Amino acid sequence: MNFDDDDAPPDLVGADETQEVVEEKAKKVPITIVTGYLGAGKTTLLNYILTAKHGKKVAVIMNEFGDSLDIEKSLTVNKDGEAVEEWLEVGNGCICCSVKDTGVNAIESLMEKKGKFDYILLETTGLADPGNLAPLFWVDDGLASTIYLDGIVTLVDAKNILRSLDDPAGKVEGHDESDDHGPVMTTAHVQISHADVIVINKSDLVSEEELQAVKERITSINELAKIVVTSQSVVPDLEGFLLDLHAYDRVDELDRAGRGHSHLDKTISTLSIPLEELTTNQLTAVDAWLRSVLWENELPGNQATNGPAFEIHRVKGRLFVQDGGEKMVQGVREIFDIFDSPAPSSGDVARKGKLVLIGRHLTDLDFEKSLLDAVRTA
Ligand SMILES: Nc1nc2c(ncn2[C@@H]2O[C@H](COP(=O)(O)OP(=O)(O)OP(=O)(O)O)[C@@H](O)[C@H]2O)c(=O)[nH]1
Ligand SMILES: [Zn+2]
């Protein structure tokens, strides 16, 4: 059933716009992308969120009808085969089973019913590469005017993840075959490297030691992500842990990333580079360095590049500028942004900046030296 007109949100354009309507319009709806390898527990998590008592109106967009959904569902396909998304009222929210992979049109149709939801959750297919999807909600001026990307949550199947990470069959398509340097990068790697929260699900199926090994491997790939261990995707503290992530306008988890990086996973790792306070020129040098690394895939300082091409999946940073300013760096693949920290750190914090990179082949070249040289010579 569709929302019939009389319960559509009040006409937001009318001249008699009251203050809260204006605020309502300005209020963007957070969207979280839920990804994770086939069968990891994405639908189970969404089901749980739809029925848990958190008081938020949540719209869930799924890309499949899992029979694990114990909710009556229907999809209206009109005559010429074009599927029309149907919004199903459930529990404390509603579900749309968008047959299109990214669910973008489902979101557009959802935004017409704007004001109805506090939160949108989009389940991707098990083989989706969130690096392609995130920019859509982060920079797409069409969608970004009504929604903002709150974060990426990756479900990991504790029982099978280590096998998926080492399984060449799961390799990411489109990677030049010539790049046969070292182990294969799988979809599981990419879903972990882009995650802001990692839910290690199906913990009931593994021993304590196996769980520990999974945690260590995942942390070595992505040191920034918050990790929660679950069974049946039941995240105890949904509010604090899954809803309201602000992963793209805050970097408070930067401190989690230690200096340098561990080599537990040969394919993808996290590298964190400490930075002193910057002059304005040095800030410009950091911006130029990021452009070279993210757009040209060139590491300034012409170190021997006979090694494999590196690939940056995620960049997060906090930069202190000598004029007292504090900047934040957010990046997904080649898209990045350096902007004023919305919530500058309190005065007493040591003005120590940090840039954290998550990506592939970060160990073959000296990123830290390259960046520090670029800053020093600025
Ligand atoms: N033993 C166990 N089974 C689980 C757990 N979480 C989910 N499952 C089961 O695993 C199967 C897959 O769960 P889903 O939630 O459909 O996984 P999914 O990621 O949505 O799967 P796809 O959308 O097909 O990629 C279902 O039968 C779930 O009941 C868990 O923690 N432990
Ligand atoms: Zn699913």
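Nothing here was measured: the structure is a model prediction, and the numbers come from that model.
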Taking all atoms of both residues into account, what is the closest heavy-atom pair of [X] and [Y], and its distance?
X    : Y    : result
D204 : S231 : OD1-OG, 3.3 Å
V235 : Y48  : O-OH, 3.3 Å
W289 : L299 : CZ2-CD1, 3.7 Å
E368 : P274 : OE2-CD, 4.1 Å
G317 : L355 : CA-CD1, 4.1 Å
A374 : A285 : O-CB, 3.7 Å

Starting from the C-alpha separation in whole Å, work towards a yes-or-no answer on side chain to side chain contact (heavy atoms under 4.5 Å, CB included) for L45 and L242. CA-CA 10 Å; L45 173 67; L242 219 66; 3.8 Å; yes

Determine, for K316 against D196, whether the closest basic-nitrogen to carboxylate-oxygen distance falls under 4.0 angstrom.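 Yes, charged N to carboxylate O under 4.0 Å.
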
Do the charged groups of D166 and R217 touch, with an N to O distance under 4.0 Å?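 Yes, charged N to carboxylate O under 4.0 Å.
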
H246 and D150: CA distance, side-chain angles, deciding distance, side chain to side chain contact (heavy atoms under 4.5 Å, CB included) verdict: CA-CA 5 Å; H246 289 284; D150 198 33; 4.1 Å; yes

Side-chain heavy atoms of [X] within contact of [Y], under 4.5 Å:
X    : Y    : result
L371 : V375 : yes
L357 : F367 : yes
V332 : H194 : yes
R360 : H189 : no
L275 : F320 : no
Y248 : I152 : yes
L319 : S341 : no
Y37  : V156 : no

Side chain [X], main chain [Y], donor-acceptor under 3.5 Å:
X    : Y    : value
Q330 : A247 : yes
T154 : I192 : no
K159 : K202 : no
S370 : P300 : yes
K28  : L149 : no
R314 : G331 : yes
R351 : V321 : yes
Q282 : T279 : yes
T35  : Q191 : no

Just how far is it from atom [atom1] of [X] to atom [atom2] of [Y], taken to the nearest 0.5 Å?
X    : Y    : atom1 : atom2 : value
I161 : T186 : CD1   : OG1   : 7.0 Å
I198 : I218 : CD1   : CD1   : 5.5 Å
T363 : I268 : OG1   : CD1   : 11.5 Å
E223 : I358 : CD    : CD1   : 8.0 Å
D129 : R333 : CG    : CZ    : 4.5 Å
L278 : L283 : CG    : CG    : 6.0 Å

Trace of the side chain to side chain contact (heavy atoms under 4.5 Å, CB included) decision for S233 with L155: CA-CA 8 Å; S233 307; L155 267 292; 4.0 Å; yes

Applying side chain to side chain contact (heavy atoms under 4.5 Å, CB included), run through V153 and L245 and close with a yes or a no. CA-CA 10 Å; V153 174; L245 296 174; 4.1 Å; yes

Are L205 and L211 connected in a single hydrophobic cluster, I mean Ile/Leu/Val/Met/Phe/Trp/Tyr linked by side-chain heavy atoms less than 4.5 Å apart?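 Not linked; separate clusters.
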
Decide whether N201 and T230 meet the rule of one side-chain donor and one side-chain acceptor closer than 3.5 Å.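 Yes, side-chain donor-acceptor contact under 3.5 Å.
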
Q322 atom CD: more than 12 heavy-atom contacts under 6.0 Å: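 Above 12, so yes.
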
